[in-house]
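Data block below; observations after.
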Amino acid sequence: MTKKFYVTTPLYYSNDKAHVGSAYTTIAADVLARWRRSLGDDVYYQTGVDEHGAKMEKAAKLAGFKNPKEFCDYQTQFWKKAWQDLNISYDFFIRTTDTEHEQFVQRFIKKLWDKGEIYKGKYEGLYCLGCEEFKEPSDLIDEKCPMHNSKPQKIKEINYFFKLSKYQKILIGLIESDKFKIKPKERKNEVLGFLKKEKLKDISVSREKVVWGIQLPWDKKQTVYCWVDALLNYLSGIESKSKIFWPADLHLIGKDILKFHAVLWPALLLAGGYKLSKKIFAHGFFTLQGKKISKTSGNIIYVSVLVEKYGADAVRYSLLREIPFGQDGDISEEKIANRYNNDLANDLGNLVLRTITLVKKAKLKGEILKVEVSSLKIDNLLQNLKFKEVLEKIFQEVKEANFYINKEKPWQFDHSDKKLRQILQILQEKILLISKSLEPFMPETSTKIQSQLQTLKAEPLFPRIK
Ligand code: MSP
C-alpha cells in the first residue's frame, strides 16, 4: 500500500537570504522526501517564505521599497534560486502573501472567533521584533533578548487573545503519551518541563499597530499575529490539493522555534477541530566558532557562495555529515572544503575514476546497471533522521571498496584474465550500490556515477578546487 508522507520546513523570513542554517532544514527535508519517493510513497514536501509582520515592514522600508509586497517579491527570487541551486525537490513553495493562504487564515481565525476561542483584551508588555514574539521578563538576560541581543519594545495595545491556557493539560497528555511526537527526546523533555512548570498564558493573536499583515475579518483595524499567520501555512498549502495529506507527518524545525510548533501550533489545531501533526523534529544550531550563525550575529555563510564553489552535492553532503542531526555543532568553510577534498574527491571520486578506467581498459561493456544489487540497510536510520550515521555507513563502503582495489591490484592483471573480470564486476557492483544509497543525499552525483558506469566515460566527479 502506498503511504502518504507530508513533510515541511519552517517558512523562512523573507528579508533574509539562504544561509547554512536555513539550508540545513531544507536539505534534511529534501533527503527524506527523495528517500520516501524512492520507496514509492506519495510524498508532499512544502517549504516557503514568511512575509508579514512588523519586522518585514521595517526591512522593506530600510531597503528602500515603498511597498512591502514589492520587497517580498524581490526577496522571494533569491530563496527560490537558492533552493534550485541546491536541487531541493519541494512540491510546493508557499508565500504567506499568496491569496489562497490569506483567505485560509481569515477563515480559520474567524472560526475560532465564532467558537469563542478568541476574545478581545488589552496587551501590555514586551515584544522582540527579531523573534516576532511577546516576551516575559524572565525570557531576557540583562533586559535583552538573548537571541537578538537587543532590548524588546514595550507595547501597549488592544489585541485579540487566543485561549491558549485552556490547552495546557491536554497538551501535556498528548505529548507525554507520544500521540503528538516531539523528537529528539531532549526537546520533548524541554517542552514538557516548560508546560509543567509554567502556567500557560493566553496569547495575543492580533496586532493593532502592524499594518503589514492579514486583516482580521471582524475587525479590519487589526492584523493577524505573524506567527499564527505563518503556522497556518502547513494547512493552507494543502487545502487546494486534491489529495488528502493532512495530518502532516513531519515538521522539521530548528530548536529556537520549538515552543511555537509544540505548544501554540497543536493548540490552534485542536481549537480549529483539526487532527494534530504527527511529529515534530527539532534540530540543533550551526555555530561558527561557537556562535549561532545568523544575520544578527553577522557571521553568515551564504549558500550561494558555497554552491558556486563546491557544488550542490558537496554542500548537501557536508552539512548533514558534519554533525549528528539534533545536536549543535560548529561548521566552517574549511570543514566543507576538507569534506570535499577528502571524502568526495579522494575517496569517492578516485574510486569511481579508477574503476571505470580499468573497466574500459579491460574492454568490458557497461552493463552493470542491469544487475540487481542488494541495498545497504539504511531505511531504519533514515526513519530516525540519523543522516550522519547513514552517510558514515555509505562512506565506509567507499573505504572498503578502495581497500579492495589496493589489495587486489587489478592493474597487474592481463586484460583477458578471468580474475580481473571478477574483481571489476565486484567493484562495479559496489559502486552501483553506493550510488543508489547516495541518491537522496547527492542526487546529481548519483546520476553521474550511474551514467559513467553505463557509458564508461570517466570524468572526475569532484575536480580539485582552485
Ligand atoms: N519565520 C519563522 C518560522 C515560521 S514557521 C511557521 C522563522 N524563520 S527563520 O528564517 O528565522 O528561521 C527558519 C529556520 O532556520 C528555523 O528552523 C531556524 O531554527 C533555522 N535556523 C536559522 N539559523 C540556524 C542555524 N544557525 N543553525 C541551524 N538552523 C538555524 O523562525
Side-chain angles (χ1 to χ4, degrees), residues 7-29 46-56 59 72 75-76 78-79 82-83 88 93-97 101 104-105 108 128-133 145 147-148 187 205 213-214 224-237 248 250-266 268-269 277 280-303 306 318-320 322-332 387:
V7 59
T8 69
T9 72
L11 297 188
Y12 301 99
Y13 283 125
S14 189
N15 62 326
D16 217 342
K17 286 208 175 67
H19 56 75
V20 289
S22 18
Y24 197 34
T25 332
T26 311
I27 295 169
Q46 183 168 298
T47 187
V49 278
D50 190 348
E51 307 185 283
H52 290 128
K55 173 156 73 177
M56 223 50 69
C72 293
Q75 288 294 114
T76 294
F78 299 113
W79 283 102
W83 300 150
I88 302 299
F93 183 97
I94 194 166
R95 299 180 54 179
T96 53
T97 53
H101 172 77
F104 180 87
V105 171
F108 186 95
C128 171
L129 198 64
C131 302
E132 290 280 17
E133 185 178 10
C145 162
M147 199 64 95
H148 292 93
R187 301 278 95 85
V205 289
I214 302 172
V224 177
Y225 171 42
C226 61
W227 262 101
V228 172
D229 171 353
L231 285 166
L232 285 171
N233 91 87
Y234 301 133
L235 273 178
S236 74
L250 176 65
H251 295 307
L252 270 182
I253 58 167
K255 62 180 186 178
D256 51 335
I257 54 175
L258 179 63
K259 251 200 248 168
F260 287 109
H261 283 81
V263 179
L264 177 58
W265 179 226
L268 285 171
L269 287 170
S277 309
I280 287 176
F281 190 106
H283 62 69
F285 289 152
F286 274 134
T287 55
L288 192 68
Q289 289 160 341
K291 233 175 148 190
K292 184 187 174 217
I293 292 179
S294 73
K295 205 167 154 185
T296 327
S297 315
N299 57 351
I300 292 223
I301 310 182
Y302 285 112
V303 164
L306 293 177
S318 312
L319 295 190
L320 291 183
E322 206 54 42
I323 297 145
F325 203 64
Q327 295 174 22
D328 291 349
D330 231 44
I331 191 88
S332 61
F387 302 114

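Only a predicted model underlies this, so the values are computations on that prediction, with no experimental measurement involved. Atoms within a ligand are numbered from 1 in the order they appear, just like the ligands themselves.
Distance NZ/Lys291 to CG/Asp330: 12.5 Å, rounded to 0.5 Å.
Side-chain atoms of Phe93 and Val49, non-hydrogen and from C-beta on, do get closer than 4.5 Å to each other. No side-chain heavy atom of Thr47 sits less than 4.5 Å from a side-chain heavy atom of Trp79.
Across Met56 and Cys72, no two heavy atoms sit closer than the pair CG-SG, 4.1 Å.
Checked against Trp227 for a side chain to side chain contact (heavy atoms under 4.5 Å, CB included), the options Leu232, Ile257, Leu268 give a single hit: Ile257.
Using a cut-off of 4.0 Å between Lys/Arg side-chain N and Asp/Glu carboxylate O, Glu132 and Lys55 are scored as not salt-bridged.
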Polar pairs, ligand 1 vs protein, N/O only, below 3.5 Å.
| from | atom 1 | to | atom 2 | distance (Å) |
| --- | --- | --- | --- | --- |
| ligand 1 | 1 (N) | Leu11 | O | 2.8 |
| ligand 1 | 1 (N) | Asp50 | OD2 | 2.7 |
| ligand 1 | 8 (N) | Leu11 | O | 3.4 |
| ligand 1 | 10 (O) | Tyr13 | N | 3.2 |
| ligand 1 | 17 (O) | Gly254 | N | 2.8 |
| ligand 1 | 19 (O) | Asp256 | OD1 | 2.5 |
| ligand 1 | 26 (N) | Phe286 | O | 3.2 |
| ligand 1 | 26 (N) | Ile293 | O | 2.8 |
| ligand 1 | 27 (N) | Phe286 | N | 2.8 |
| ligand 1 | 29 (N) | Gly21 | O | 3.4 |

